[in-house]
Protein chains: 2
Amino acid sequence: MVKSDMFHVKPIAATSSLRALAYEALKEAITNMNIYDQKEEVRLDERKLSLNLGVSRTPVREALTVLEQEGFVRFEARRGVFVIKKTKSEIVAMIQAWSALESMAARLACTRATDEQLACLREHFPEFYEGRPSDHLDEYSDANIRFHQKIISLGQCDVIRDLTSNLLMHVRGIRNAAMRQGDRAANSIKEHVAIIQALEARDADLAERLVREHGLGLARHVETYGDYLD
Amino acid sequence: MVKSDMFHVKPIAATSSLRALAYEALKEAITNMNIYDQKEEVRLDERKLSLNLGVSRTPVREALTVLEQEGFVRFEARRGVFVIKKTKSEIVAMIQAWSALESMAARLACTRATDEQLACLREHFPEFYEGRPSDHLDEYSDANIRFHQKIISLGQCDVIRDLTSNLLMHVRGIRNAAMRQGDRAANSIKEHVAIIQALEARDADLAERLVREHGLGLARHVETYGDYLD
DNA sequence: GACTGGTATTTGGTATGCCAACTTTCTGAA
DNA sequence: TTCAGAAAGTTGGCATACCAAATACCAGTC
């Protein structure tokens, strides 16, 4: 039996179920379509979807069930499955919940994260903190999202990570759009720097407050300028 | 056509789908079974469930899909559907996320709730704030849950309400169990009173902090004394 | 008796068919 | 022309059938 110890096999590819594949494909399609450009509601046809995906209706329906649970689609019996367009006030509510969770993550990060992990925050986005951010807004939008995700991962709380990942899918587009309104990008960077400093100083109360105010500021901005959503 | 204005009919019994009924029945059964008494894992048989519920496997599976998304069950291909037993650290993480959301709700309530709504907090639980709470722990456990739900509803943020309602299902049992350990009940009441006072004073910073510390205190308690969960 | 290999059974994953309700289109009477 | 009202077509909800993988069971060997 000693010989078999020489054998090291990886635990198989674990080929995903069709349901999981359908879920990924549909979520990808929905989040990329930018619903808010469309005037009228977008309806999804179960039969067409299953035809396009090359699978039967069953896994498609189960994938849609998950997406309904996540707030992306809405079932209407014998009428259709519709992609949900969030209202302005719903977006604001999501940003507020996000702020609550991210600020708690920042608090937890102050005691849980190592110095090396905190250093990543600064190292990953060095170029944008010098010079005018308005010159590379697209890059900064991505970096902005990553920054907030990084804070959440530093909190090392799986529940917060999971809950926010759902919210991010809904809010991602709005976050980037808001960045382009007014002089928010430059201001955002200043706040990010202050957040990093608070984390490095291990000041949990300050880090939490700064993250919360940063988030609630975005909420107020959407509340004021987000009428195009409705 | 004026006459029909006199007519107020409820929008039909809106006979729920079998899927929704199966979901309710299964969720009820799962949350009531007190899973932490069981030693080994609990497996759910799709065919038996559909037989007992009197419907086919399809709506049962779709209900289970939702419950999987909510973290109550786990699908294992060709092995079975298992009721998930949360580990201690997962419970702690859920309480931390809960604290983040509830403290934000308290903050929002300070500016959004009317005086009348705030008064409900005190009025609904008058009897327990005098005398020794250890005399009626069962009643107090229920009142305790309602207190926290009330704060969340006062925040008037639907996203926070939805996210916490999921968490509550998982944590409800633990919350009540912790109440019975040590002298937590009496202490809990004092903290509740302080929270009410902060809300009535419209002190958002204080209300948020008290709610957060109240929640994180529970998290630490579970962290310390919750080894029976694993 | 312990263990190996094969076979039967169980079980979740998927495909498919039917049905009732909803929409749309057609039709005919006012 | 207008507009009920019926007929035809769509569409999601549900039930059922089948499959492949995993397990349980069993016979045979050492």
Side-chain angles (χ1 to χ4, degrees), chain A residues 1-5 7 9-27 29-30 40-84, chain B residues 1 4 9-27 29-30 40-84:
Chain A
M1 278 302 172
V2 182
K3 279 197 292 184
S4 65
D5 288 348
F7 251 80
V9 293
K10 60 178 185 232
I12 281 300
T15 169
S16 319
S17 64
L18 294 185
R19 179 177 103 183
L21 297 176
Y23 168 78
E24 291 299 334
L26 292 175
K27 187 165 183 177
I30 289 176
E40 73 278 344
E41 291 207 302
V42 178
R43 196 174 73 79
L44 303 177
D45 188 298
E46 288 187 10
R47 286 173 170 82
K48 278 190 188 126
L49 288 178
S50 63
L51 208 66
N52 292 343
L53 292 170
V55 299
S56 82
R57 285 175 57 206
T58 306
V60 172
R61 271 185 67 84
E62 294 186 346
L64 287 173
T65 297
V66 176
L67 290 170
E68 177 191 36
Q69 177 70 11
E70 293 179 344
F72 287 104
V73 301
R74 178 183 71 250
F75 280 74
E76 287 189 22
R78 262 145 264 130
R79 288 185 42 83
V81 182
F82 297 90
V83 178
I84 289 185
Chain B
M1 278 302 173
S4 66
V9 293
K10 60 180 184 223
I12 272 309
T15 170
S16 316
S17 62
L18 295 184
R19 178 178 103 184
L21 296 176
Y23 168 78
E24 291 300 333
L26 291 174
K27 188 166 182 175
I30 289 176
E40 72 280 341
E41 289 208 303
V42 178
R43 196 175 73 79
L44 271 38
D45 187 296
E46 289 187 8
R47 285 174 170 83
K48 279 193 187 119
L49 289 177
S50 63
L51 208 66
N52 293 344
L53 292 170
V55 299
S56 82
R57 284 176 59 207
T58 306
V60 172
R61 272 184 65 83
E62 294 183 346
L64 287 173
T65 297
V66 176
L67 290 170
E68 177 192 35
Q69 177 68 13
E70 292 179 344
F72 288 103
V73 300
R74 177 184 72 250
F75 281 73
E76 288 190 20
R78 260 144 264 133
R79 287 183 42 82
V81 182
F82 298 90
V83 179
I84 288 185

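Proteins come first, then strands; the chains are lettered A, B, ... in the order of their sequence lines, and each starts at number 1. Just so you know, these numbers come straight off a predicted model, no measurement behind them.
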Distance check needed: [N] [atom2] versus [X] [atom1], whole Å only.
X: Leu44(B); N: dT10(C); atom1: CG; atom2: C1'; result: 16 Å
X: Arg61(A); N: dA15(C); atom1: CZ; atom2: P; result: 14 Å
X: Phe75(B); N: dG13(C); atom1: CZ; atom2: P; result: 6 Å
X: Asp45(A); N: dC22(C); atom1: CG; atom2: P; result: 18 Å
X: Glu46(B); N: dC14(D); atom1: CD; atom2: P; result: 16 Å
X: Glu76(A); N: dT10(D); atom1: CD; atom2: P; result: 20 Å
X: Leu21(B); N: dG13(D); atom1: CG; atom2: P; result: 13 Å
X: Glu62(A); N: dG12(D); atom1: CD; atom2: P; result: 16 Å

Inset, instruction - Respond yes when some side-chain nitrogen or oxygen of Arg79(A) is under 4.0 Å from OP1 or OP2 of dT23(C), and no when none is. - result: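 True: Arg79(A) side-chain N/O within range (under 4.0 Å) of dT23(C) OP1/OP2.
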
Inset, instruction - Say whether Thr65(B) and Arg19(A), considering side chains only, have a donor N or O and an acceptor N or O under 3.5 Å apart. - result: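 Yes, because at least one side-chain N or O of Thr65(B) sits under 3.5 Å from a partner of the opposite role on Arg19(A).
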
Once hydrogens and angles are ignored, does a donor-acceptor distance under 3.5 Å link the base of [N] to the side chain of [X]?
X: Arg47(A); N: dG12(D); value: yes
X: Arg78(B); N: dG13(C); value: no
X: Arg57(A); N: dG13(D); value: yes

Inset, instruction - Just compare dT11(C), dG12(D), dA15(C) and give me whichever is closest to any side-chain atom of Val55(A). - result: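 Shortest atom-to-atom distance from the side chain points to dA15(C).
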
Inset, instruction - Using the closest heavy atom to pick a nucleotide of DNA chain D for each, name whichever of Thr58(A) or Gly80(A) lands nearer the 5' end. - result: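 Nearest-nucleotide comparison on DNA chain D picks Gly80(A).
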
Inset, instruction - On DNA chain C, check which nucleotide each of Arg19(A) and Ala77(A) is closest to and give me the residue with the more 5' one. - result: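 With Arg19(A) and Ala77(A) compared, the 5'-side residue is Arg19(A).
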
Can you tell me how far the [atom1] atom of [X] sits from the [atom2] atom of [Y], to the nearest 0.5 Å?
X: Arg61(A); Y: Glu68(A); atom1: CZ; atom2: CD; answer: 9.5 Å
X: Glu46(B); Y: Arg57(B); atom1: CD; atom2: CZ; answer: 4.5 Å
X: Leu44(A); Y: Ile30(A); atom1: CG; atom2: CD1; answer: 6.0 Å

Legend entry - Salt bridge present between Glu76(B) and Arg74(B) (N-O < 4.0 angstrom):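 Between Arg74(B) and Glu76(B) there is a salt bridge, with a charged N closer than 4.0 Å to a carboxylate O.
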
Inset, instruction - Answer with base, sugar-phosphate or nothing: what part of the nucleic acid does Leu64(A) contact at a heavy-atom distance below 4.0 Å? - result: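 Since no nucleic acid heavy atom lies under 4.0 Å of Leu64(A), the category is nothing.
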
